[in-house]
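Heads up, the thing below is written out as structure tokens.
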Protein chains: 2
Amino acid sequence: MDVAGATRDRIRDEAIVLFSDRGYATTSLREIADRVGITKASLYYHFPSKQDLLVAIVRPLLTQWRDVVTDAESGPHTPADVRRILRRCVDTMLAHRAVAGLFLRDTAGILPALAPLVGDLVETNSRLRDWLAGPTPSAIARIRAVAVLELLRAALTAGATLGDVPDDLVRRTLLESAELVLAGREEGA
Amino acid sequence: MDVAGATRDRIRDEAIVLFSDRGYATTSLREIADRVGITKASLYYHFPSKQDLLVAIVRPLLTQWRDVVTDAESGPHTPADVRRILRRCVDTMLAHRAVAGLFLRDTAGILPALAPLVGDLVETNSRLRDWLAGPTPSAIARIRAVAVLELLRAALTAGATLGDVPDDLVRRTLLESAELVLAGREEGA
DNA sequence: GTCTATATTCAGATAGAC
DNA sequence: GTCTATCTGAATATAGAC
């Protein structure tokens with residue numbers, strides 16, 4: 001009664017956990033195979049190399065992330081648009097929570113193995129940053145855009161560090177914070 | 001005319017760059033030795049193991065970080081205190097910029113090798129988060145504290161991604177943003 | 001303090017039987 | 001699809017001469 005690709009998915013899931021827990025480089029294919037209950041050789045039947053396994057893990061997130069940015073650039077930059085895009089950013093991170101966490105926790109370890117995709121990713125993030133900063137941005141606006149993208153990471157870490165807070169409260173609080181940062185200090189206080 | 005410890009320092013510096021560029025696990029001691037212009041065996045004269053090298057690299061930052069948090073807990077939680085502590089956090093990150101960057105970029109790769117220090121670090125960060133959230137914090141206040149700590153990372157990434165912005169502008173902008181996030185949306189708009 | 005070996009271990013990857 | 005068995009290379013680490 002095995003669905004096609006069941007083993008493949010189990011490999012993927014265990015690999016995500018191990019990679020993000022102990023790092024991509026330090027995790028051996030033997031460990032992954034052991035957890036799944038198969039041998040290294042069987043693993044190689046499903047993924048031709050360790051790098052291919054990583055790429056398969058990461059690609060869905062990168063694809064959706066790129067879609068969000070493309071969407072952002074296709075429209076104007078009203079406050080409502082900014083809010084909509086920020087929300088989609090957070091939702092994308094939460095939808096691919098485990099993979100996004102791997103990205104945040106093992107950046108240096110992963111990027112070399114993702115060399116073929118890294119150019120696209122860097123460009124995507126750069127375009128998102130530029131869009132968030134708005135048309136003809138000041139230096140301060142550009143710093144704020146960087147700060148907002150860092151801030152959104154809390155969508156992934158808040159649950160882990162705080163324990164019990166519900167996703168929805170995290171999302172609302174972070175979106176509000178992001179908007180405050182982008183708007184900056186109001187004049188006249 | 002060699003100052004005592006000159007080779008040791010050069011090893012440390014090259015290791016920081018390589019570790020944070022390609023990850024701790026993937027960087028071999030041979031690569032480090034090659035860059036310094038010595039052999040692996042000589043490197044082992046200065047550091048008894050790869051792990052000891054990493055600990056020597058990381059400890060100064062952790063010590064100072066702990067000092068900041070201890071200082072925070074020893075005083076009250078007025079807006080002026082919060083501002084002072086946030087500033088010290090940013091300054092600490094900037095003072096140990098390269099090491100802090102290594103920490104952010106290779107978390108998963110590094111933590112297993114830092115096992116003896118990790119307990120302290122986790123506790124320190126947890127205490128800082130609690131202090132920032134203030135006495136008897138709401139769930140939202142705790143999320144905001146997490147968000148602020150993520151936001152401060154931009155002190156390290158802003159320079160790299162934006163290129164030319166001066167440190168001081170980054171620091172001022174981030175401190176202002178952090179305060180806005182902690183204060184939250186003002187009522188009555 | 002630095003060198004040239006070398007011991008040891010374990011990774012990623014392949015071949016071929018079942 | 002999964003197995004056993006094996007190859008190959010490179011890594012950390014050590015011993016001992018200079």
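Throughout, protein chains are lettered first and strands after them, A, B, ... in sequence-line order, and every chain is numbered starting at 1.
In this view, B:W131 satisfies the side-chain hydrogen bond (donor to acceptor under 3.5 Å, both in side chains) rule with no residue, not counting sequence neighbours.
In this model, no donor atom of one side chain and acceptor atom of the other lie less than 3.5 Å apart for A:T70 and A:D67.
Atom P of nucleotide C:dG12 and atom CG of A:D52 are separated by 14 Å, given to the nearest angstrom. In this entry the distance linking CZ of A:F47 with C1' of C:dT14 reads 18 Å, nearest Å. Spacing between atom CZ of B:F19 and atom C1' of D:dA11 amounts to 13 Å, rounded to whole angstrom units. The distance from atom CG of B:L43 to atom P of C:dT4 is 14 Å, rounded to the nearest whole Å. If you take OH of B:Y24 and P of D:dA11, they are 14 Å apart, rounded to a whole angstrom. With rounding to whole Å, B:R30 atom CZ is found 15 Å from D:dG9 atom P. In this structure, the CD1 atom of A:I38 is 15 Å from the C1' atom of D:dT4, given to the nearest Å.
Residue A:T39 places none of its side-chain N or O atoms closer than 4.0 Å to OP1 or OP2 of D:dG1. OP1 or OP2 of C:dC3 sits under 4.0 Å from a side-chain N or O of B:S42.
Residues in residues 94-126 of chain B take part in no ring pair (Phe, Tyr, Trp, His ring centres under 6.0 Å) pair, two or more places apart or across chains. Listed by first and then second residue, the side-chain hydrogen bond (donor to acceptor under 3.5 Å, both in side chains) pairs that reach into residues 139-148 of chain A are A:R144-B:E176, sequence neighbours excluded. Here ring pair (Phe, Tyr, Trp, His ring centres under 6.0 Å) pairs that include residues 146-168 of chain B, with residues two or more places apart or in two chains, number zero. For the side-chain hydrogen bond (donor to acceptor under 3.5 Å, both in side chains) condition, the pairs that include at least one residue of residues 97-116 of chain A, sequence neighbours left out, are A:R97-A:D167.
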Produce the list of close N/O pairs, under 3.5 Å, pairing protein atoms with atoms of nucleotides 13-16 of chain D; give distances to one decimal.
residue, atom, partner, partner atom, Å
D:dA13, OP2, B:Y44, OH, 2.7
D:dA13, OP2, B:K50, N, 3.0
D:dA13, O5', B:Y44, OH, 3.4
D:dA13, N6, B:K40, NZ, 3.3

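Counting non-hydrogen atoms under 4.0 angstrom, A:T27 reaches the backbone sugars and phosphates but no base.
Looking at B:T124, B:D120, B:T92, B:N125 one by one, the single match for side-chain hydrogen bond (donor to acceptor under 3.5 Å, both in side chains) with B:W65 turns out to be B:N125.
Of the candidate nucleotides C:dT4, D:dG1, C:dG1, D:dG1 has the atom nearest to the side chain of A:Y45. For A:H46, the listed nucleotide lying nearest its side chain is D:dG1; candidates were D:dG1, D:dA11, C:dG1.
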